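All of these numbers come straight from a predicted model, not from anything done at the bench.
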Amino acid sequence: QVQLVESGGDLVQPGGSLRLSCAASGSIRFNAMAWYRQRPGKQRELVAVISSDGSTNYADSAKGRFYISRDNAKNTVNLQMNSLKPEDTAIYYCWRGGGPIETWGQGTRVTVSS
């Protein structure tokens with residue numbers, strides 16, 4: 001069973017940047033990978049996804065500010081977050097696709113506040 005561990009969450013001021021990382025315990029080469037987030041009192045939502053061939057898609061709220069990337073050799077996925085806003089405050093989760101078997105990390109907390 002592949003496990004995912006997120007890191008990089010922090011307290012930052014509006015306009016700042018963070019880079020989140022997701023480390024997988026096994027290969028992600030043939031898997032779609034994604035970042036989700038759950039804001040306080042809200043449902044979990046998709047932020048960015050990257051397919052096995054490298055194509056990407058972003059939520060409207062993330063376009064132009066967030067960038068997802070993958071390094072299959074290192075079994076890692078990153079999320080570069082720029083121009084952060086208070087509404088980006090959330091627990092950010094890494095996701096690994098695998099047909100009917102999906103894997104979630106435990107999340108990393110991002111707080112954007114003055």
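When all heavy atoms of I68 and V77 are compared, the closest pair comes out as CG1-CG1, 3.9 Å. In terms of heavy-atom proximity, I28 sits nearest to N75 at N-OD1, 3.7 Å. Scanning both residues, A48 and L79, for their nearest heavy atoms gives CB-CD1, 4.2 Å. Heavy-atom minimum distance, S51 versus R70: O-NH1, 2.9 Å. Contact between S17 and S83 at its shortest, heavy atoms only, is OG-N, 4.2 Å. Between A34 and L46, the shortest heavy-atom contact is CB-CD1, 3.8 Å.
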task = Please test T103 against Q1 for side chain to side chain contact (heavy atoms under 4.5 Å, CB included), starting from the C-alpha separation and ending with a verdict.
result = CA-CA 9 Å; T103 303; Q1 181 70 39; 3.5 Å; yes
key: Check against side chain to side chain contact (heavy atoms under 4.5 Å, CB included), T56 and Y67   = CA-CA 9 Å; T56 59; Y67 303 92; over 6 Å; no
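Side-chain atoms of D53 come within 3.5 Å of backbone N or O of S55 as a donor-acceptor pair. The backbone N or O of S27 lies less than 3.5 Å from a partner atom in the side chain of R96, making a donor-acceptor pair. Listed for the E6 side chain is no donor-acceptor partner under 3.5 Å among the backbone atoms of T108. Side chain of N31 to main chain of M33: no donor-acceptor pair is present (N/O by atom type, distance under 3.5 Å, no hydrogens or angles).
The OG1 atom of T111 lies 6.0 Å from the CG atom of L11; values are rounded to the nearest 0.5 Å. Atom-to-atom distance recorded for S61:OG and R37:CZ is 4.0 Å, nearest 0.5 angstrom.
Linking ILVMFWY side-chain heavy atoms closer than 4.5 Å, directly or via other members, places V5 and V47 in two distinct hydrophobic clusters. When hydrophobic clusters are built by joining Ile, Leu, Val, Met, Phe, Trp and Tyr residues whose side-chain heavy atoms come closer than 4.5 Å, directly or via intermediates, Y58 is grouped together with V112. Cluster annotation: Y92 and V49 are assigned to distinct hydrophobic clusters (Ile/Leu/Val/Met/Phe/Trp/Tyr, side-chain heavy-atom contacts under 4.5 Å, transitive). No single ILVMFWY cluster, assembled from side-chain heavy atoms under 4.5 Å apart, contains both W95 and I50.
For the 3.5 Å distance criterion, the side chains of S21 and R19 qualify, holding a donor opposite an acceptor. Between the side chains of Q80 and N78, no donor-acceptor pair is found at a separation under 3.5 Å.
Atom CD of Q43 is surrounded by 12 or fewer heavy atoms from other residues, nucleotides or ligands within 6.0 Å. Residue-environment remark: CD (Q38) exceeds the threshold of 12 foreign heavy atoms within 6.0 Å.
In terms of the side-chain contact (heavy atoms from CB on, under 4.5 Å) criterion, residue partners of Q3 (sequence neighbours excluded) are, by chain and number, S25.
Residues C94 and W35 meet the side-chain proximity criterion, which asks for heavy atoms closer than 4.5 Å. Counting only heavy atoms from C-beta outward, the side chains of L84 and F66 approach each other to under 4.5 Å.
Residues in residues 54-68 take part in these salt bridge (charged side-chain N to carboxylate O under 4.0 Å, His left out) pairs, two or more places apart or across chains: D60-K63, R65-D88.
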